[in-house]
2 protein chains.
Amino acid sequence: MMSSSNLETREKIMAAASRLLEEKPGTAVRMSDIAKASGVSRQAVYLHFPTRADLLIATARHLDQVLNVDEQLAASRAATSGRERLDAYIDAWGNYIPQIYGVARAFLAMEATDEAAAAAWKDRMDAMRHGCEAAVRALAEDGDLKPGFDQEKATDLLWTLLSVRTWEHLVQDCGWSQQAYVEAMKYMAETALVA
Amino acid sequence: MMSSSNLETREKIMAAASRLLEEKPGTAVRMSDIAKASGVSRQAVYLHFPTRADLLIATARHLDQVLNVDEQLAASRAATSGRERLDAYIDAWGNYIPQIYGVARAFLAMEATDEAAAAAWKDRMDAMRHGCEAAVRALAEDGDLKPGFDQEKATDLLWTLLSVRTWEHLVQDCGWSQQAYVEAMKYMAETALVA
DNA sequence: TGTCAACTTTACACGGTGTCAAGCAAAGGA
DNA sequence: TCCTTTGCTTGACACCGTGTAAAGTTGACA
């Protein structure tokens, strides 16, 4: 029961962290806030997660698991044509962003100062880039990639279009609806990259 | 002579700040670093600029003046057609970004925590948005705005495309050349917004 | 009964921002 | 010549958030 309580506490902390970050993104959420929200002492948090970056990393993984990213992104891999794949990927990732925005924002804020956080975020974004790369390759294999576009540049462009910062700018700063955002990204990707 | 030295010190501090930020963007530049680089005590900096945000704001204005933003952006206002105006604006602003990137990055890092810095940065970006708005309006007046696009959405899209974060992503993270960046932004804006 | 594991409480070090107060040196006027 | 003002220096300190250290508490279980 003690060992299960150990795990339960860990989960409680991660759950509280993701809840707080999701509730008030942009607000600086402190370790003590997370501790309080978990119903645990600040030091208990440090017992489970040596640093803030460690907690953030674990929380991100935890969220991926709870939200089942793999399944959410599976549709795009099942697509037959390149165009479908591109569309499905934009749909999947574009709609995943708001679900992880709180944690993402915390990462982006720490990135500048914390080495470990920067590396972890880079990893996640590299993984996302692979999705972009696969969509572009599928497009190219169909002969549907706009002529004169090399795959790497096309991937970079798509990657930029689908960055969390672009989502943030349009949805948070400009006040676009999630649907308008996804449609705009599809439109941009289509007109820019598809022949 | 004392009153002129007063101004000189102020300028020295702002010059040192912009130099340090430009030299090592991404590195956290502290007030004490700026003081040292200015050849002045840390408290002298606080004598001239009550807070870090104040220093940043003044430095940004100072930089605008030294680099002569107005002139750099003038070409776009002189353009006759909407398409020319769009192109000229992307050219001007897109090439201005790297010149202010150091300071911009400092603002973006502070934005999350500092109210004053966030407001000042928002002001600057709103001013930039007016440029986007004007370009889109000129396009619409020529009947060259893609049908089914309302001007506000088009402005938002262009604004997002020309954000410092987009520049950062492509040039800093993806390693694109400044020229490739500007061309890509022109291409994206053209294919997405021009009829 | 005693041990171990998870957790609590309290205290403290560190780095960065911002404040406060006393002192100093040079310019400039009486 | 003396005296005031101005621009700056020096050194100390408060505050906050992260992270560390150490001793104490509580419940499970052998």
Side-chain angles (χ1 to χ4, degrees), chain A residues 1-17 20-21 24 26-59 103 105-120, chain B residues 1-17 20-21 24 26-59 105-118 120:
Chain A
M1 196 236 165
M2 264 314 183
S3 65
S4 97
S5 145
N6 184 340
L7 283 178
E8 273 167 27
T9 300
R10 220 187 128 82
E11 302 240 323
K12 263 197 317 194
I13 294 168
M14 292 188 292
L20 281 185
L21 290 169
K24 27 183 173 171
T27 316
V29 176
R30 290 154 299 190
M31 294 298 264
S32 54
D33 297 329
I34 296 168
K36 195 171 292 179
S38 318
V40 111
S41 72
R42 193 172 67 92
Q43 281 53 33
V45 177
Y46 281 104
L47 242 42
H48 289 275
F49 309 96
T51 69
R52 195 184 144 79
D54 288 320
L55 170 54
L56 238 55
I57 292 166
T59 303
V103 180
R105 182 152 179 155
F107 266 108
L108 290 167
M110 278 194 85
E111 203 183 14
T113 52
D114 190 294
E115 196 59 42
Chain B
M1 195 233 164
M2 263 318 184
S3 66
S4 99
S5 144
N6 186 340
L7 283 178
E8 273 168 26
T9 300
R10 221 186 127 84
E11 301 241 323
K12 263 197 318 192
I13 294 168
M14 292 189 292
L20 280 185
L21 290 169
K24 25 183 175 175
T27 315
V29 175
R30 291 153 299 189
M31 294 300 264
S32 55
D33 296 329
I34 295 168
K36 195 171 292 178
S38 318
V40 111
S41 71
R42 192 171 69 92
Q43 279 56 32
V45 176
Y46 280 104
L47 242 42
H48 288 276
F49 309 96
T51 70
R52 194 184 144 79
D54 288 320
L55 170 54
L56 237 55
I57 292 166
T59 303
R105 185 157 176 151
F107 266 109
L108 291 167
M110 278 193 86
E111 202 183 14
T113 51
D114 189 294
E115 196 59 43

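Chain letters run A, B, ... following the sequence lines, proteins first, then strands; residues in each count from 1.
- A distance of 5.0 Å separates CD of A/Glu11 from CE of A/Met14, quoted to the nearest 0.5 Å.
- Across the protein-nucleic acid pair, B/Arg52 atom CZ and C/dG18 atom P stand 8 Å apart, rounded to whole Å.
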>> For a side-chain contact (heavy atoms from CB on, under 4.5 Å) check, start with the C-alpha distance between B/Phe49 and B/Ile57, then their side-chain angles and the critical distance, and finish with the verdict.
In response: CA-CA 10 Å; B/Phe49 309 96; B/Ile57 292 166; over 6 Å; no
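- Distance B/Arg30 CZ to C/dG15 P: 10 Å, rounded to the nearest Å.
- Rounded to a whole Å, the OH atom of A/Tyr46 is 19 Å from the C1' atom of C/dA6.
- Evaluation of atom-type donor-acceptor distances gives no pair under 3.5 Å for the side chain of B/Arg42 against the base of D/dG11.
- Contact of A/Gln43 with C/dT9 (side chain to base): no donor-acceptor pair of N or O atoms is detected under 3.5 Å.
- Look at B/His48 and you'll find a side-chain N or O under 4.0 angstrom from OP1 or OP2 of D/dC8.
- Atom CG of A/Leu55 is separated from atom NE2 of A/His48 by 11.0 Å, given to the nearest 0.5 angstrom.
- The nearest whole Å value for the distance from the CZ atom in A/Phe49 to the P atom in D/dT18 is 15 Å.
- The CG atom of B/Leu21 lies 7.5 Å from the OG1 atom of B/Thr59; values are rounded to the nearest 0.5 Å.
- Rounded to an integer number of Å, the gap from A/Leu56 CG to D/dG19 P is 11 Å.
- In this entry the distance linking NZ of B/Lys12 with C1' of D/dC8 reads 10 Å, nearest Å.
- Atom P of nucleotide C/dT8 and atom CE of A/Met31 are separated by 14 Å, given to the nearest angstrom.
- Neither OP1 nor OP2 of D/dT18 sits under 4.0 Å from any side-chain N or O of A/Thr51.
- Here CE of A/Met110 is found 11.0 Å from CD of A/Glu115. Values are rounded to the nearest 0.5 Å.
- Among B/Leu20, B/Ile13, B/Asp33, the single residue meeting the side chain to side chain contact (heavy atoms under 4.5 Å, CB included) criterion with B/Ser38 is B/Ile13.
- Note: A/Ile34 CD1 to A/Lys36 NZ = 12.5 Å, rounded to the nearest 0.5 Å.
- Each end of the helix from C/dT1-D/dA30 to C/dA30-D/dT1 yields a helix axis from five base pairs, and these two axes differ in direction by 30° (to the nearest 10 degrees).
- As a whole-Å value, the separation of B/Lys36 NZ from C/dG16 P is 11 Å.
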